[in-house]
Amino acid sequence: PPPGPLADDALVRQISLQVVIPQGPKRQELKIVVLDQRGTTTAYAGFHGPGDTVEQTVDLHGREARVRVYVAGALVESDRILPDGRVVKE
């Protein structure tokens, strides 16, 4: 039989994020959290200085996902990634 549509849990996509670390302490923790078919996972965590530009590629599992970006413990961005790849700011 011909293959059917991809099951939701088999769908894996990648997105690229670019985060500029704001002014503040010399070392600030950047954390990228993904909420998707797998649950909640930390896709990246590391320390950076003010003005640093951090580029990171993260995997998204399932049809829809959310990506949250934290700097120094504060939520600075929250996006919903739709099945067609569109990004909706939350």
Side-chain angles (χ1 to χ4, degrees):
L6 203 57
D8 283 356
D9 58 353
L11 180 62
V12 179
R13 297 173 287 155
Q14 287 190 327
I15 62 165
S16 295
L17 301 173
Q18 186 177 63
V19 180
V20 177
I21 305 301
Q23 295 304 311
K26 288 184 180 181
R27 282 175 42 91
Q28 300 181 60
E29 184 182 25
L30 167 64
K31 189 181 336 183
I32 300 171
V33 176
V34 174
L35 296 85
D36 62 11
Q37 185 79 25
R38 299 170 300 172
T40 302
T41 56
T42 299
Y44 177 82
F47 287 88
H48 301 276
D52 286 355
T53 298
V54 182
E55 294 184 25
Q56 193 67 34
T57 300
V58 298
D59 292 335
L60 306 176
H61 295 255
R63 294 184 50 77
E64 193 170 303
R66 286 180 166 72
V67 177
R68 296 192 175 134
V69 178
Y70 298 86
V71 176
L75 179 65
V76 297
E77 186 172 336
S78 182
D79 298 325
R80 187 165 49 118
I81 315 301
L82 301 177
D84 63 5
R86 287 183 295 140
V87 176
V88 177
K89 301 284 183 197
E90 296 190 312

(request) Is it possible for you to say whether V19 and V87 belong to one hydrophobic cluster, with membership spreading through side-chain heavy-atom contacts below 4.5 Å? (result) yes
(message) Working note: Q14 + L60, criterion side-chain contact (heavy atoms from CB on, under 4.5 Å); need CA distance, chi angles, decisive distance, verdict.
(response) CA-CA 6 Å; Q14 287 190 327; L60 306 176; over 6 Å; no
(message) Check this for me, if you would: do E90 and R66 make a salt bridge, where the nitrogen-to-carboxylate-oxygen distance has to be below 4.0 angstrom?
(response) yes
(message) Could you see if L17 belongs to whatever hydrophobic cluster contains V54? Use Ile, Leu, Val, Met, Phe, Trp, Tyr and a side-chain cutoff under 4.5 Å.
(response) yes
(request) Kindly give the heavy-atom pair with the smallest separation between R13 and L82, and that separation in Å. (result) NH1-O, 2.8 Å
(request) Decide yes or no for Y44 and V58: does some side-chain heavy atom of the first lie under 4.5 Å from some side-chain heavy atom of the second? (result) no
(request) Considering non-hydrogen atoms only, spot the tightest contact between V34 and A43 and give its length. (result) CG2-CB, 3.9 Å
(message) When you compare the side chain of E29 with that of V71, does any pair of heavy atoms fall below 4.5 Å?
(response) no
(message) Just so I know, are the side chains of R80 and E64 near enough to count as touching, which here means a heavy-atom distance under 4.5 Å?
(response) yes
(request) Evaluate the side-chain proximity of V76 to Y70: yes if any heavy-atom separation is below 4.5 Å, no if none is. (result) no
(message) Can you give me the closest heavy-atom contact between L11 and R63, atom names plus distance?
(response) CD2-CA, 3.9 Å
(request) Take L75 and R68 through the side-chain contact (heavy atoms from CB on, under 4.5 Å) test and state the conclusion after the steps. (result) CA-CA 7 Å; L75 179 65; R68 296 192 175 134; 3.8 Å; yes
(message) Within this structure, what is the OG1-CD1 distance for the pair T41 and I32, rounded to the nearest 0.5 Å?
(response) 11.0 Å
(message) Can you confirm whether L30 sits close enough to V69 that some side-chain heavy atom of one is under 4.5 Å from a side-chain heavy atom of the other?
(response) yes
(message) Side chains of K89 and E77, heavy atoms from C-beta outward: is any pair under 4.5 Å?
(response) yes
(message) Membership question, hydrophobic clusters at under 4.5 Å side-chain separation (ILVMFWY): are V88 and I15 in the same one?
(response) no
(request) Kindly give the heavy-atom pair with the smallest separation between A65 and D36, and that separation in Å. (result) CB-CB, 3.8 Å
(message) Between P50 and Q28, is there a side-chain heavy-atom distance shorter than 4.5 Å?
(response) yes
